[in-house]
> 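Input: one structure, supplied below.
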Number of protein chains: 2
Amino acid sequence: MLKNSEFVNKLRNSGLRPTKQRLKICEVLFNRDKTFHFTINDLAKNISENFNEKISLATIYNTVHAFKDKGYLKEITISSDKSYFDTNITKHHHFYDEDTNLLIDCNDNEIGKVNIKNNITGKKISSVEVLVRVASDTQNQN
Amino acid sequence: MLKNSEFVNKLRNSGLRPTKQRLKICEVLFNRDKTFHFTINDLAKNISENFNEKISLATIYNTVHAFKDKGYLKEITISSDKSYFDTNITKHHHFYDEDTNLLIDCNDNEIGKVNIKNNITGKKISSVEVLVRVASDTQNQN
DNA sequence: AATTTATATTATAATCGTTCTAAACTGTTG
DNA sequence: CAACAGTTTAGAACGATTATAATATAAATT
Ligand SMILES: [Mn+2]
Ligand SMILES: [Mn+2]
Ligand SMILES: [Zn+2]
Ligand SMILES: [Zn+2]
């Protein structure tokens, strides 16, 4: 629930010029109560359908990647044929519903802390992500 | 460390004809002491470089997917730009070295059991996978 | 305010992993 | 062997993503 001038600052502070396109994308992504998951295509469709702005697909890719690099978005990899982005940038895990292709955030009370006992020597852990794939009972088990 | 006749049976029992190409791929994938991770491209290169067989890329894709469907391979999704396959079909987790792009199996003693407290109503868990991304200390933290 | 410079946007082409196609080939069965 | 279903193949098609390079805009400088 940030307003336009806050997005301008956010962008400026990140070394990104507050262009019309970036501000629109900020509005669509961050001017909400709840975080959500989206694909580039979702976002492009959302903007072209719900606003009369027309942002080039290349700009949407550039902006989403810039926001990811600045830490304003996380990329979630579920399958190799599509990339999901997440406006929830806190550490958290996911359920992935194989029937509906929907990604659902896990609350901390749903998945206990993952205990990593040994790590690769000389390496630092940069992230720990759990993906729980779920499907209806009648589905075939992996 | 299976031999050719065992692969013939394995394929026949799965309803797959034991063709020259499939047997070669079996040999490359399963005639080993240790399990490993590979991409389609790795496999294609391996076959074309180390054997004088020439298997069409379409056949390699077809066969790998057939083996996956039969449960002889697992697909591991790390990034959206490439698919990794795993000849280790037991439940296990992975370290992913972001410096080398290498995927490393976790032993059960390296990652404790993941405790899923609540599940999505009416859905069955089909898999639980932990991916621990690691990088050298000097790398930027996710 | 006008000029200059750096940065961003755009349409479109290119790339690349993967899947499709449809013709030729092979394994299996009778 | 003949017949058939299943398999392989080269190459085309596809689709998500990235590169290109011309145009436009924001910011900095005069
Ligand atoms: Mn990406
Ligand atoms: Mn696949
Ligand atoms: Zn999330
Ligand atoms: Zn593995």
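Letters A, B, ... are given to chains in the order of the sequence lines, protein chains preceding strands, and every chain is numbered from 1. Bear in mind the structure is a predicted one, so any value in this text is a computation, not a measurement.
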> Quick one: B:Tyr61 OH to D:dT8 C1', roughly how many Å, whole number?
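Nearest whole value for this atom pair: 16 Å.
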> Check this for me, if you would: do B:Lys124 and A:Glu98 make a salt bridge, where the nitrogen-to-carboxylate-oxygen distance has to be below 4.0 angstrom?
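Not counted as a salt bridge, because no side-chain N and carboxylate O are separated by less than 4.0 Å.
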> I want to check one thing: is the phosphate of D:dT9, taken as OP1 and OP2, less than 4.0 Å away from some side-chain N or O of B:Gln21?
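Yes, such a contact exists.
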> Write down the distance between NZ (B:Lys54) and C1' (D:dA10), rounded to a whole number of angstrom.
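So the two atoms are 12 Å apart, to the nearest Å.
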> Please state how far atom CG in A:Leu57 lies from atom P in D:dA16, giving the value in whole angstrom units.
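The answer, rounded to whole Å, is 10 Å.
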> By nearest atom, which of the nucleotides D:dT17, D:dT8, C:dT28 is closest to the B:Thr63 side chain?
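So the side chain of B:Thr63 is nearest to D:dT8.
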> Of the options D:dT9, C:dT18, C:dA8, whose atoms approach the side-chain atoms of B:Ile40 most closely?
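The answer is C:dT18.
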> If only side-chain N and O atoms of A:Thr59 are considered, is one of them under 4.0 Å from the OP1 or OP2 phosphate oxygen of C:dT10?
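Checking A:Thr59 against C:dT10: at least one side-chain N or O falls below 4.0 Å of OP1 or OP2.
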> Nearest whole Å is fine: how far is C:dT26 P from B:Leu23 CG?
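Checked: the CG to P distance equals 15 Å.
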> With sequence neighbours left out, what residues match A:Asn46 under side-chain hydrogen bond (donor to acceptor under 3.5 Å, both in side chains)?
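By the side-chain hydrogen bond (donor to acceptor under 3.5 Å, both in side chains) rule, A:Asn46 matches A:Asn50.
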> Decide, yes or no, whether a salt bridge links A:Glu129 with A:Lys74 under the criterion of side-chain N to carboxylate O below 4.0 Å.
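Looking at A:Glu129 and A:Lys74, the cut-off is met.
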> Using a cut-off of less than 4.0 Å, is there contact between a side-chain N or O of B:Arg22 and OP1 or OP2 of C:dG27?
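For C:dG27, OP1/OP2 do not have a side-chain N/O of B:Arg22 under 4.0 Å.
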> Taking for each residue the nucleotide of DNA chain C with the nearest heavy atom, is it A:Gly15 or B:Pro18 whose nucleotide lies nearer the 5' end?
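The residue mapped nearer the 5' terminus is A:Gly15.
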> Could you work out which one of D:dT8, D:dA10, C:dT10 sits closest to the side chain of B:Asn62?
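Ranking D:dT8, D:dA10, C:dT10 by closest atom to the B:Asn62 side chain puts D:dT8 first.
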> Once you round it to whole Å, what is the distance between P of D:dT25 and CG of A:Leu16?
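Checked: the CG to P distance equals 19 Å.
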> Counting heavy atoms from C-beta on, name the nucleotide in D:dT7, C:dT19, C:dA8 closest to the side chain of B:His65.
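Within the option list, the nearest is C:dT19.
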> At under 4.0 Å, does any side-chain N or O of B:Arg12 touch on OP1 or OP2 of C:dT28?
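Checking B:Arg12 against C:dT28: at least one side-chain N or O falls below 4.0 Å of OP1 or OP2.
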> Starting from P on D:dT7, measure out to CD1 on B:Ile60 and report it in whole angstrom.
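The distance from CD1 of B:Ile60 to P of D:dT7 comes to 17 Å, rounded to the nearest Å.
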> Check the phosphate of C:dT7 against A:Thr19, side-chain N and O only, distance under 4.0 Å to OP1 or OP2. Yes or no?
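For C:dT7, neither OP1 nor OP2 has a side-chain N or O of A:Thr19 closer than 4.0 Å.
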> Could you check which of D:dT8, D:dA16, D:dT9 has an atom nearest any side-chain atom of B:Ala58?
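Nucleotide nearest to B:Ala58's side chain: D:dT9.
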> Figure out the CG/P separation between B:Asp42 and C:dG17, and round it to whole Å.
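These atoms are roughly 11 Å apart.
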> Could you give the NZ-to-C1' distance, from B:Lys20 to C:dC25, as a whole number of Å?
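One finds 11 Å between C1' of C:dC25 and NZ of B:Lys20, rounded.
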> For A:Glu110, what residues pass the salt bridge (Lys or Arg N to Asp or Glu O under 4.0 Å) criterion, not counting sequence neighbours?
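Testing A:Glu110 for salt bridge (Lys or Arg N to Asp or Glu O under 4.0 Å), a comparison that skips the adjacent residues, returns none.
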> Which listed nucleotide (D:dA27, D:dT7, C:dA11) is nearest to the side chain of A:Arg17?
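My answer, after comparing the listed nucleotides, is D:dA27.
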> Thinking salt bridges, do A:Asp99 and B:Lys123 make one under a 4.0 Å N-O criterion?
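A salt bridge is present here (some side-chain N lies under 4.0 Å from a carboxylate O).
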